[in-house]
Amino acid sequence: MTEAARKQAKEDKSLDSTLRPQGWKEYIGQENIKKNLKILLEAAEERKEAPEHLLFYGPAGLGKTTLAHVIANESKANLKVTSGPAIEKVGDLASILTNLGPKDILFIDEAHRLNKMIEEVLYPAMESRSLNIIIGKGPSARTIQLELPAFTLIAATTRIALLSSPLRSRFSGGTFKLDFYTIDEIKQIVKRSADILSIKIEEDALQKIAERSRRTPRVANRLLKRTRDFVQVKKQNLITSGMAEESLALLNIDEKGLENADRNLLLTIIKKFGGGPVGLQTLASATSEDIATIEEVYEPFLIQLGFLERTPRGRLATPRAYTHLRIKHPSQDKLI
Ligand code: ADE
């Protein structure tokens, strides 16, 4: 991650906590997931059991962590939040697990970054609530087994394919894929955020922000805040459509929500590699981006827009990408 991306992520995190929905009523979109989760939670509550383990996956910023918070609030459970890279040693996981109480929820973000040794300890903890720890080395090594309270693990990942299949198969409550939101849902999210932040915003401005939000709540909320800054500096107190337009243009966000880095990625494929296919590693070097950022941040939305394809031979810019960038596609003699 670049320094700028890290700063952005930090800012997004603090922004999220003020605007984060607390309950189902405030959580907009992902309707099918909500319906399934409500049933799962209600049934578990009736049986007086902890809900079964859940796995959420999908691109960054779509509300996986938020869903875990909503589940915890709605079921009045304690939520303990950690992440794959934060659990370095078996001892770290053992300490987290042994500090859980009955029906507590453990949320592990970036679950694809859990290491193998940690996964091995997690399996029996998930399946039979037992924690097996090896004490000592060599012939005198012993295993002690601790019983854990009935807890629920909620794991989230942007990279489901990197999760080992034994780990995936242990999410007995289900695996749920979060999708990009509709423009209408994003408008509702931005309106709600504007109300919380006491920002006045015109309907057309809501539409403009939503259209450029990559259909991602985290991005939409960030654009709302940047637009608010712009309006404040211009000594205005209403986000008009014109103001939204100006502030988003200043951020170099185009009408599809692409930023400089997205356009640079597409332009590199087109100009340096004849439109592709080009291998991910080569593309990363040519754009000075890291592979994970390309795969997890830029590509999901470019694929969603139909601007980029992942093929077995590498990444390919589609004719639509050419049109968007106003570049003539080799197979045409005019712009489509
Ligand atoms: N913030 C992040 N995700 C959200 C959602 N689904 N609904 C409302 N606000 C959100």
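When a ligand or atom number is given, it counts from 1 through the structure's own listing order. Here the structure is a predicted model, which is why all the values come from computation and not from measurement.
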Distance-only polar pair, side chains of T158 and E296, donor-acceptor under 3.5 Å: yes
Check: T66 N/O within less than 3.5 Å of ligand 1 N/O: no
Ring-ring centroid check F107 H69, cutoff 6.0 Å: no
Y27 neighbourhood, listing ligand 1 atoms whose heavy-atom distance to it stays under 4.0 Å: 6 (N), 7 (N)
Within-shell test, G29 vs ligand 1, heavy atom, strictly < 4.0 Å: no
Residues E299 and R315 bridged, charged N to O under 4.0 Å: yes
Where ligand 1 meets Y181 - atom numbers and elements under 4.0 angstrom, heavy-atom basis: 6 (N)
Aromatic ring pairing F151/H53, orientation class (parallel under 30°, perpendicular over 60°, tilted between): tilted
Residue part near ligand 1, for E26, under 4.0 Å between non-hydrogen atoms: backbone
I196-I201 co-clustered via ILVMFWY side chain contacts under 4.5 Å: yes
Non-hydrogen side-chain atoms of I160 and R168 separated by less than 4.5 Å: yes
Contact (N/O only, under 3.5 Å) between I28 and ligand 1: yes
Non-hydrogen atom of I189 closer than 4.0 Å to ligand 1: yes
